[in-house]
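Index from 1, following the sequence.
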Amino acid sequence: MTQLPQSTDRKMGLVIDLDTCVGCHACVISCKGWNTENYGAPLSDQDAYGSDPSGTFLNRVHSFEVQPTPCQSNPAPEAQLIHFPKSCLHCEDAPCVTVCPTGASYKRVEDGIVLVNESDCIGCGLCAWSCPYGARELDQAEGVMKKCTLCVDRIYNENLEEVDRVPTCVRTCPAGARHFGDLGDPNSDVSQLVAERGGMDLMPEMGTKPVNKYLPPRPKDTIEEQIDILAPLLAPIAEEPQGFLGWLDKALDKLPGGNA
């Protein structure tokens with residue numbers, strides 16, 4: 001069985017904002033693409049264009065309709081649609097690591113990232129059974145267990161621009177709902193974001209101490225005034241035509257039938 005490190009130098013992980021995620025699945029597609037073309041064995045698909053397609057994904061987005069708890073200020077809150085991305089949480093007390101019979105699953109001391117050494121993986125599935133989050137998937141074509149690596153081949157790649165040295169799901173998210181950093185550093189941007197927004201663990205009762213955090217959604221029906229995102233584009237730029245358009249407007253007024 002694999003032993004977990006007593007402590008790690010850093011705790012690299014994700015902070016996912018459930019209030020901002022729009023469920024577009026851009027993170028899912030970019031994750032599939034990057035991890036199929038780069039790190040480790042490709043993420044295979046079975047019967048991709050048939051009647052019963054299946055495949056290996058390291059990141060999935062589930063959507064739920066939830067009913068907020070009534071309170072004195074809002075006794076009848078409206079139901080909300082919540083999009084819930086899920087991938088490996090890189091737990092401090094990761095049961096997937098300690099049950100691995102070959103040592104293929106391990107947690108890195110330098111950054112706390114949980115990885116799988118695919119050359120040692122026998123595909124027994126013990127790690128998947130022990131994970132309370134369902135974050136591991138057995139690749140049917142390769143016969144090895146696959147999981148989120150936090151794009152370890154990107155975040156330390158000095159051949160990439162600094163802005164690209166983040167997990168591909170973070171780089172791709174159009175809504176800015178995903179954040180990456182050292183959650184072991186209380187002064188990091190992600191740690192401060194968790195503190196400000198009341199970031200929470202997923203299923204803390206399992207005792208796995210997940211590094212990844214979720215920012216809770218905020219009630220949508222408490223906004224006093226609805227914001228029209230197109231309003232700035234629809235507002236007139238100037239009350240009176242100026243420049244060439246101003247000259248053209250005056251010239252047209254002087255033509256027969258004009259207002260001049």
Side-chain angles (χ1 to χ4, degrees), residues 4 7-8 10-28 31 57-74 77-98 107 111-114 127-128 130-136 147-151 155 166-167 169-223:
L4 288 165
S7 62
T8 60
R10 293 186 294 170
K11 297 178 182 179
M12 305 305 292
L14 298 173
V15 174
I16 300 174
D17 191 346
L18 300 180
D19 190 59
T20 306
C21 178
V22 296
C24 67
H25 288 72
C27 57
V28 177
C31 173
F57 290 83
L58 309 187
N59 179 46
R60 295 180 183 269
V61 177
H62 307 279
S63 296
F64 304 94
E65 186 176 275
V66 301
Q67 183 66 52
T69 304
C71 59
Q72 186 174 2
S73 60
N74 191 9
E78 296 181 1
Q80 292 182 228
L81 181 63
I82 303 298
H83 304 290
F84 186 83
K86 185 191 69 176
S87 59
C88 175
L89 301 170
H90 300 275
C91 305
E92 293 184 52
D93 190 7
C96 59
V97 170
T98 55
K107 187 174 181 66
D111 50 25
I113 298 176
V114 177
C127 59
S130 68
C131 175
Y133 309 110
R136 292 200 173 206
K147 63 174 297 298
C148 165
T149 67
L150 286 180
C151 290
I155 61 178
V166 294
C169 61
V170 176
R171 188 72 175 95
T172 306
C173 180
R178 304 175 74 93
H179 309 269
F180 173 71
D182 183 7
L183 286 151
D185 178 5
N187 297 318
S188 68
D189 291 341
V190 286
S191 293
Q192 292 181 14
L193 185 60
V194 169
E196 292 171 2
R197 289 280 308 281
M200 55 189 180
D201 291 344
L202 179 61
M203 298 165 59
E205 67 276 9
M206 301 306 298
T208 60
K209 301 177 184 176
V211 173
N212 287 9
K213 307 296 180 187
Y214 286 91
L215 304 181
R218 291 171 282 201
K220 298 297 188 293
D221 55 357
T222 58
I223 302 177

Begin from the C-alpha positions of V211 and E92 and carry the test side chain to side chain contact (heavy atoms under 4.5 Å, CB included) through to its verdict.
CA-CA 7 Å; V211 173; E92 293 184 52; 4.0 Å; yes
I need the minimum non-hydrogen distance between C127 and R136, along with the two atoms involved.
SG-NH1, 3.1 Å
Stepwise side chain to side chain contact (heavy atoms under 4.5 Å, CB included) check, I155 with I113:
CA-CA 12 Å; I155 61 178; I113 298 176; 3.9 Å; yes
At their closest point, which heavy atom of K11 faces which heavy atom of G184, and how far apart are they?
CB-N, 3.6 Å
Do T208 and P95 have side chains that get closer than 4.5 Å, going by heavy atoms?
yes
Closest approach of M203 and P132, non-hydrogen atoms and distance?
CE-O, 3.7 Å
Rounded to the nearest 0.5 Å, what's the gap from CG on D93 to OG1 on T98? Could you check?
7.0 Å
Taking the side chain as C-beta and beyond, is there a heavy-atom pair between V170 and C27 under 4.5 Å?
no
Considering non-hydrogen atoms only, spot the tightest contact between P217 and L18 and give its length.
CD-CB, 3.9 Å
How many angstroms lie between CD1 in I82 and CD in E65, if you round to the nearest 0.5 Å?
10.0 Å
Measure the CG-CD1 distance between N59 and I16 for me, rounded to the nearest 0.5 Å.
7.0 Å
As an exercise, state the distance from CG of L89 to NZ of K209, rounded to the nearest 0.5 Å.
15.0 Å
Note: A94 and L4 closest approach over all heavy atoms is N-CD1, 3.6 Å
Side chain proximity check, L202 to N212, heavy atoms < 4.5 angstrom
no
For the pair F84 and F64, name the ring-plane relationship: parallel under 30°, tilted 30 to 60°, perpendicular over 60°.
perpendicular
Value rounded to 0.5 Å, distance of CZ in R178 from SG in C169
3.5 Å
Interatomic spacing from CG in D189 to CZ in F180 - rounded to 0.5 Å
12.5 Å
For P216, does its backbone N or O pair with a side-chain atom of R197 as donor and acceptor, under 3.5 Å?
yes
Exam field: side chain Q80 to backbone V66, donor-acceptor pair closer than 3.5 Å:
no
So, does H90 use its side chain to make a donor-acceptor pair with the main chain of V114 at under 3.5 Å?
yes
Under the salt bridge (Lys or Arg N to Asp or Glu O under 4.0 Å) test, residues paired with K213 that sit two or more places apart
D201
Just do the side chain to side chain contact (heavy atoms under 4.5 Å, CB included) check on L183 and V15 with the steps written out, would you?
CA-CA 9 Å; L183 286 151; V15 174; 3.8 Å; yes
Heavy atoms of other groups near K107 NZ, more than 12 under 6.0 Å:
yes
Nearest heavy-atom contact between Y133 and C91 is CE1-SG, 3.8 Å
Hey, are S188 and D185 close enough side-chain-wise for a donor-acceptor pair under 3.5 Å?
no
